[in-house]
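One structure is given below, encoded as structure tokens.
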There are 2 protein chains.
Amino acid sequence: MQLSNTSKYAIRILSYIAKNEDKKLQNAKELSEILEIPYKFLTKIMTDLVNKEFILSIRGREGGYKLARSASTISVLDILNAFNELTHFSECILGSQTCDPQKKCILHDQWAKPRTLIKQMFAETTLEKIEGEDFKT
Amino acid sequence: MQLSNTSKYAIRILSYIAKNEDKKLQNAKELSEILEIPYKFLTKIMTDLVNKEFILSIRGREGGYKLARSASTISVLDILNAFNELTHFSECILGSQTCDPQKKCILHDQWAKPRTLIKQMFAETTLEKIEGEDFKT
DNA sequence: TTTAAATACTACTTTAAGGTAGAAATTAAA
DNA sequence: TTTAATTTCTACCTTAAAGTAGTATTTAAA
Ligand code: SF4
Ligand code: SF4
């Protein structure tokens, strides 16, 4: 019951950038130090975030990253979706690909309520709404 | 947001054995075919389940496996705990080791409610209570 | 007493995620 | 125009989980 490291990093990175939108641009070196994410791994994820259109990058000296769209339009669910994390948890705690209510897996009934609650929570939590202050770990 | 394969297999195996307690013993070959779990991997997990005292094994010809204690005393939470799955999800969706409410991680407030619900669900769901019929996948 | 059916043990291989290294490309400042 | 600060690309290494193979051990039936 853990998100992948990549997803967790992505959430933390985007949250941090959202919280510091006043500073126009964030660069990889600083992000890496502040968020305690290995530099090379972070830049790999940043490229992903750019390709997935969460982030705009400005290359070259004085370049850096900023949000591609407003923090209020990016939900945690969007992020998880982009990193293929949704396909898992939204479907089945036991990993079934297709949820057939006629042929319930053994935890179907029990899992239904928590599943709905989690999904709602992820959908409603936009970057704008994130309050916590500890972006590390 | 997935359980490890090992945990999922363990849940399915124990559920199936609980549901068929009338048949005195289950053997690895049949379990492997019925549950569609690779034979060699299944026997590895069975040994774990024996060591962790969920299962009693009878060796030799006509041997097999049965529950070591009553289905009503084994919760999904127990199983996850035994396979070190709890340490993760019970603590933090973002993977923090220690949850310090003075120093909330960015999803603390949102995660609190779903987390409680999931944990309750796992704790309340004993093998006896599992209703679903599809033990595969 | 031999044999067949079962679990248990030891060791290896495969796969995917996580992470690292080095160099290329871009761009503004000096 | 050179240089330094930046992102981007390509390729590789590491680790843990998942899965496989072979053999030893146990035990009841034949
Ligand atoms: S039956 Fe329930 S738990 Fe199983 S796959 Fe479908 S939704 Fe998931
Ligand atoms: S602050 Fe909340 S989400 Fe973060 S580690 Fe603690 S319990 Fe988990």
Side-chain angles (χ1 to χ4, degrees), chain A residues 1-13 17 23-68 80 82-85 87-88 94-95 137, chain B residues 1-13 17 23-68 80 82-85 87-88 94-95 137:
Chain A
M1 289 293 285
Q2 278 270 287
L3 300 174
S4 71
N5 265 11
T6 305
S7 300
K8 289 188 281 189
Y9 287 158
I11 294 171
R12 287 168 45 212
I13 293 166
I17 294 178
K23 296 185 203 164
K24 273 141 289 173
L25 290 179
Q26 304 285 343
N27 66 63
K29 186 157 172 295
E30 270 184 33
L31 287 174
S32 155
E33 285 164 3
I34 293 172
L35 300 175
E36 295 176 356
I37 299 172
Y39 175 79
K40 282 292 193 178
F41 198 23
L42 180 127
T43 57
K44 192 190 267 183
I45 295 172
M46 293 316 291
T47 308
D48 267 3
L49 290 173
V50 169
N51 291 333
K52 294 171 198 300
E53 301 184 330
F54 291 107
I55 290 284
L56 279 183
S57 69
I58 288 86
R59 300 181 61 164
R61 185 163 183 160
E62 305 290 290
Y65 302 103
K66 64 178 176 183
L67 289 189
L80 296 179
F83 286 91
N84 297 320
E85 193 84 49
T87 40
H88 302 305
L94 288 180
T137 328
Chain B
M1 290 294 284
Q2 277 271 284
L3 300 174
S4 71
N5 265 11
T6 305
S7 300
K8 289 187 281 189
Y9 288 158
I11 294 171
R12 287 168 44 211
I13 293 165
I17 293 179
K23 295 184 201 163
K24 274 141 289 173
L25 290 179
Q26 305 285 344
N27 67 62
K29 187 157 170 294
E30 271 184 32
L31 288 173
S32 154
E33 285 163 3
I34 293 171
L35 299 175
E36 296 177 356
I37 299 172
Y39 175 79
K40 283 291 193 178
F41 198 24
L42 180 126
T43 58
K44 194 189 266 184
I45 295 172
M46 293 315 290
T47 308
D48 267 4
L49 290 173
V50 169
N51 292 333
K52 294 173 198 299
E53 302 183 331
F54 290 107
I55 290 284
L56 279 183
S57 70
I58 287 85
R59 298 182 62 166
R61 186 165 180 159
E62 305 289 291
Y65 304 102
K66 64 177 175 183
L67 288 189
L80 296 179
F83 286 91
N84 297 320
E85 193 85 48
T87 40
H88 301 307
L94 289 180
T137 329

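So that the names make sense, note that chain A is the first sequence line, chain B the second, and so on, each numbered from 1.
In this entry the distance linking CG of B:L56 with C1' of C:dA8 reads 16 Å, nearest Å. Rounded to an integer number of Å, the gap from CG of A:L49 to P of D:dT8 is 11 Å. When rounded to the nearest whole Å, the span between CG of A:L25 and P of C:dA28 equals 11 Å. Regarding A:K24, its NZ atom lies at a distance of 15 Å from the P atom of D:dT6, rounded to whole Å. In this structure, the CG atom of B:N5 is 10 Å from the C1' atom of D:dG19, given to the nearest Å. One can place CD1 of B:I58 at 19 Å from P of C:dA5, the figure rounded to the nearest angstrom. The distance from atom CG of A:L42 to atom P of C:dT20 is 12 Å, rounded to the nearest whole Å. At whole-Å resolution of the value, NZ in B:K29 and P in C:dA5 are 9 Å apart.
Heavy-atom contacts from other residues, nucleotides or ligands closer than 6.0 Å to NZ of A:K66 number 12 or fewer.
Residue B:T43 places none of its side-chain N or O atoms closer than 4.0 Å to OP1 or OP2 of C:dA8. Considering only side-chain N and O atoms, B:Y9 lies nowhere under 4.0 angstrom from the phosphate OP1 or OP2 of D:dA18. Distances shorter than 4.0 Å separate some side-chain N or O of A:T6 from OP1 or OP2 on C:dG18.
You'll find that the side chain of B:N27 is closest to C:dT7, out of C:dT7, D:dT8, C:dG19. For B:T47, taking side-chain heavy atoms from C-beta onward, the closest of the listed nucleotides C:dC9, C:dA25, D:dG19 is C:dC9. With distances taken from any side-chain atom of A:K40 to the nucleotides D:dT20, C:dT7, C:dG22, the minimum falls on C:dG22. Minimum atom distance to the side chain of B:R61 is reached by C:dA4, of the listed D:dT20, D:dT7, C:dA4. Comparing D:dA18, C:dA5, D:dT7 against the side chain of B:S4 picks out D:dA18 as the nearest.
Within the 3.5 Å criterion, the main-chain N or O of A:P38 finds no donor-acceptor partner in the side chain of A:S32.
Paired with A:I45 under the rule side chain to side chain contact (heavy atoms under 4.5 Å, CB included), one option of A:I13, A:L31, A:I55 passes, and it is A:I13.
Side-chain to base pairing of B:R59 with D:dT27: no donor and acceptor N or O lie closer than 3.5 Å to each other.
Looking at which nucleotide of DNA chain C each of A:P38 and B:K44 is closest to, the 5′-most match is held by B:K44. When each of A:G60 and A:N51 is assigned the nucleotide of DNA chain D with its nearest heavy atom, A:G60 is the one assigned upstream, toward the 5' end. Each of B:E62 and A:Y65 has a nearest nucleotide on DNA chain D; the 5'-most of these lies closest to A:Y65.
Residues B:E62 and B:L25 share a closest heavy-atom pair of O-CD1, 3.6 Å.
A cation-pi geometry, defined here as NZ or CZ lying under 6.0 Å from the six-membered ring centre and within 45° of its normal, holds between A:K52 and A:F83.
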